[in-house]
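Remarks on the structure that follows.
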Amino acid sequence: MYKHILVPTDGTRLSDKAIKSAASLAAILGAKLTGFHVLPPYNLAISGYEIAPVVVFSPAEYRKATTKSAKAALDKVEKAARAAGVRYESLIVTSERAWEAIVQSAGDRKCDLIVMASHGRRGLSGLILGSETTKVLTHSKVPVLVVR
Amino acid sequence: MSYKRILVPVDGSSTSKAGLKEALKLARTPGARLRLLHVVDESPLLSLPEAGYAIDTVIDDLKRSGKALLANVAKSVAAQGAKCEIAMVESVGQRVADQITADAKRWRADLIVIGTHGRRGVQRLLMGSDAELVVRNTTIPVLLVHGPQVRPAKAKR
């Protein structure tokens, strides 16, 4: 059965559901859980550099803000893993395309199941999921458990 | 939370077999049972004018082959030591995916295991299939399993 479960999270409440399912499934199966978060790369366009005289985020500030949100998102997974008593690790990847990062990391880490929520949202602070779910479903070689 | 009531749609395709294989692994947990569901899909017939006069015969054929398929699959499931029951529904003007989600709800499934891509669509357009519709239409967790990669037929020289 599954030995290593990847659970991508964007920190939203919807991801919470996926985390909960993933953690309890990992506990039953004795699997390891890897929390996964995708950060969009720093991009001047989102800083408003060209339209405003003030740079909203410097690269350093951007990194700080996104790292913080990534940590907050992954902390939830760690907490769930701890509560369920399963082995845990976390992974943060910077990528333009969340689905690609998810599929690739699942392969790199030899995960044999991906647990995802079916709708998420997109936003500045690395909150990319949802429409990504469909793309993960299409490209993933390992089974994907979709929860709501 | 372990999955106890696992619904597996079967249509005889290689992807549906991949789904079943995965479901069997899950069904090994104590107390778990499978329900094999076959949806008799009449929708392709309705667009065939030729089917008009003989539609009942064709549907009967579909039902017969569906029954045979289910019996076959149930036998192999039982041989692997999993508990299972079989069910067949007709699509009666509804989409196959809707019949699957409706059955899952009626039976109170706590997991649907489904192979992608079922039977329709172009190889690359893996989603946009019954599997995707099932995911969209239900609040029950869905485990999607990739079937064997389908290679495009090589051009003959």
Side-chain angles (χ1 to χ4, degrees), chain A residues 1-8 13-31 33 80-81 83-86 99-100 102-103 106-107 111-120 129-148, chain B residues 1-4 6-8 15-32 82 97 101 104-105 109-118 121-150:
Chain A
M1 205 62 260
Y2 307 119
K3 296 199 167 21
H4 190 175
I5 301 173
L6 186 81
V7 58
R13 278 181 58 195
L14 212 90
S15 296
D16 292 352
K17 187 81 201 289
I19 292 167
K20 213 176 126 198
S21 299
S24 52
L25 201 59
I28 290 162
L29 302 172
L33 190 63
V86 300
W99 66 266
E100 208 171 73
I102 292 167
V103 170
C111 298
D112 46 15
L113 179 71
I114 302 173
V115 180
M116 289 181 85
S118 69
H119 293 287
L129 241 168
S131 66
E132 302 296 327
T133 307
T134 312
K135 295 196 189 106
V136 172
L137 297 180
T138 310
H139 293 95
S140 172
K141 289 194 180 66
V142 299
V144 182
L145 178 64
V146 182
V147 294
R148 277 225 176 128
Chain B
M1 158 227 61
S2 159
Y3 298 112
K4 300 273 185 240
I6 305 168
L7 182 78
V8 189
T15 40
S16 123
K17 278 181 195 136
L20 179 70
K21 206 173 138 198
E22 207 66 27
L24 270 167
K25 290 195 216 162
L26 287 162
R28 283 200 199 116
T29 40
T101 49
K105 203 175 162 191
D110 53 15
L111 181 70
I112 303 172
V113 182
I114 190 164
T116 65
H117 173 262
V122 187
Q123 183 216 350
R124 294 299 299 263
L125 299 170
L126 285 169
M127 299 309 291
S129 60
D130 289 334
E132 190 200 17
L133 281 171
V134 169
V135 175
R136 281 202 199 148
N137 290 349
T138 185
T139 52
I140 300 166
V142 182
L143 181 67
L144 288 132
V145 184
H146 247 229
Q149 288 291 327
V150 184

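Numbers restart at 1 for each chain; the letters A, B, ... are given by sequence-line order, proteins then strands.
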| message | Within this structure, what is the CG-CD distance for the pair A:Leu113 and B:Glu22, rounded to the nearest 0.5 Å? | response | 8.0 Å

| field | Which portion of B:Leu26 sits near chain A, non-hydrogen atoms under 4.5 angstrom | value | both

| Euclidean distance, A:Ile114 CD1 relative to B:Leu143 CG, rounded to 0.5 Å | 11.0 Å

| message | Once rounded to the nearest 0.5 Å, what's the spacing between atom OG1 of B:Thr139 and atom NZ of A:Lys17? | response | 7.5 Å

| Can you find a pair of side-chain heavy atoms, one from A:Lys141 and one from B:His146, that are under 4.5 Å apart? | no

| field | B:Lys4 atom NZ: more than 12 heavy-atom contacts under 6.0 Å | value | yes

